[in-house]
Amino acid sequence: MPELAKAASLADLQTYVRELEIERGFTGNTVERTALLLGEEIGELFKAIRKQAGMPIDANSRVRNVDEELADVLIYVCAMANRFGIDLETAFREKEDLNKNRQWQASSEN
């Protein structure tokens with residue numbers, strides 16, 4: 001089983017997910033399948049948020065906590081980045097450099 005350091009970087013997390021996928025036999029998943037699984041995890045995250053907010057959810061639905069679902073989403077984001085050969089830290093920094101030059105308008109709903 002791969003080990004993840006306590007103070008892991010984003011690159012460490014991507015490597016960890018790559019190793020987990022090898023260990024668990026998920027390396028054959030296509031980009032499309034991985035994207036669909038990510039979408040399912042996002043749906044589970046939304047259900048967990050509804051549950052935490054006290055909103056009605058399907059009584060037969062197995063709903064976990066927001067933190068667990070966020071972790072699942074992060075795992076699939078790393079898996080998608082790995083499939084595309086994207087270094088998430090570099091992508092994040094480059095996107096933030098673009099965002100710094102944008103004009104942001106706060107929503108009145110915040």
Side-chain angles (χ1 to χ4, degrees):
M1 174 119 193
E3 293 290 324
L4 183 62
K6 275 267 192 215
S9 67
L10 190 47
D12 293 336
L13 190 57
Q14 274 189 258
T15 299
Y16 179 77
V17 168
R18 184 177 299 110
E19 292 171 0
L20 281 182
E21 287 200 301
I22 292 167
E23 179 178 282
R24 296 175 184 174
F26 297 140
T27 56
N29 285 355
T30 63
V31 168
E32 294 81 6
R33 178 172 170 76
T34 304
L36 291 170
L37 291 167
L38 170 60
E40 288 179 21
E41 291 300 338
I42 291 170
E44 291 176 14
L45 170 62
F46 292 165
K47 277 187 185 178
I49 291 169
R50 286 177 36 209
K51 175 184 169 185
Q52 184 171 312
M55 298 171 71
I57 57 173
D58 179 356
N60 297 320
S61 181
R62 185 178 76 100
V63 181
R64 295 182 300 193
N65 297 323
V66 172
D67 57 346
E68 292 177 52
E69 298 304 342
L70 280 169
D72 286 343
V73 168
L74 181 57
I75 289 167
Y76 278 105
V77 167
C78 287
M80 288 292 296
N82 289 342
R83 277 167 177 69
F84 282 107
I86 294 170
D87 176 321
L88 277 175
E89 182 178 349
T90 298
F92 181 88
R93 289 180 186 281
E94 289 174 356
K95 179 62 178 175
E96 275 305 293
D97 285 344
L98 293 173
N99 286 341
K100 288 175 186 174
N101 296 315
R102 288 182 59 191
Q103 295 292 322
W104 297 92
Q105 183 174 352
S107 170
S108 61
E109 296 177 4
N110 288 340

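Note that the structure is predicted; figures quoted are calculated from it, not measured.
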Original post:
Rounded to the nearest 0.5 Å, how far does CG of Leu98 lie from CD of Glu94?
Top reply: 8.0 Å
Original post:
If you count the non-hydrogen atoms of other residues, nucleotides and ligands that lie under 6.0 Å from CZ in Arg33, is the total more than 12?
Top reply: no
Original post:
Looking at side-chain heavy atoms only, is the closest gap between Thr34 and Phe26 below 4.5 Å?
Top reply: no
**OP:** Check the hydrophobic clustering (I, L, V, M, F, W, Y; side-chain heavy atoms under 4.5 Å; chains of links allowed) and say if Val66 and Tyr76 are grouped together.
**Re:** yes
**OP:** Is it possible for you to say whether Val73 and Val17 belong to one hydrophobic cluster, with membership spreading through side-chain heavy-atom contacts below 4.5 Å?
**Re:** no
Original post:
Does Glu21 pair with Arg83 as a salt bridge, N-O distance under 4.0 Å?
Top reply: yes
Subject >> Sub-4.5 Å side-chain heavy-atom contact between Ile42 and Glu69 >> reply: no
Subject >> Gap separating the CD1 atom of Ile86 from the CZ atom of Phe92, nearest 0.5 angstrom >> reply: 15.0 Å
Subject >> Asn65 CG to Lys51 NZ distance, which is reported to the nearest 0.5 Å >> reply: 5.5 Å
**OP:** Using a cut-off of 6.0 Å, state whether more than 12 heavy atoms not belonging to Glu23 lie near its atom CD.
**Re:** yes
Original post:
Say you draw a straight line from CG of Leu45 to NZ of Lys47; how long is it, rounded to the nearest 0.5 Å?
Top reply: 12.0 Å
Subject >> NZ/NE/NH1/NH2 to OD/OE distance under 4.0 Å, Lys100 and Glu96 >> reply: no
Subject >> Approximate separation, where rounding is to 0.5 Å, of Leu70 CG and Ile75 CD1 >> reply: 11.0 Å
**OP:** Check whether Tyr16 and Leu37 end up in the same hydrophobic cluster, where Ile, Leu, Val, Met, Phe, Trp and Tyr are linked by side-chain heavy atoms less than 4.5 Å apart.
**Re:** yes
Original post:
In the single-linkage hydrophobic clustering (I, L, V, M, F, W, Y; side-chain heavy atoms under 4.5 Å), do Phe84 and Leu13 co-cluster?
Top reply: yes
Original post:
So, Asp12 versus Ser9: side-chain donor-acceptor pair below 3.5 Å or not?
Top reply: yes
Original post:
Can you find a heavy atom in the side chain of Phe46 that is under 4.5 Å from one in the side chain of Arg50?
Top reply: no
Subject >> Gln14 side chain to Leu88 backbone, donor-acceptor under 3.5 Å >> reply: yes
Original post:
Roughly how far, to the nearest 0.5 Å, is the CD1 atom of Ile57 from the CD1 atom of Ile49?
Top reply: 12.5 Å
Original post:
Given the rule that I, L, V, M, F, W and Y join up when any side-chain heavy atoms are under 4.5 Å apart, are Leu4 and Met1 in one cluster?
Top reply: yes
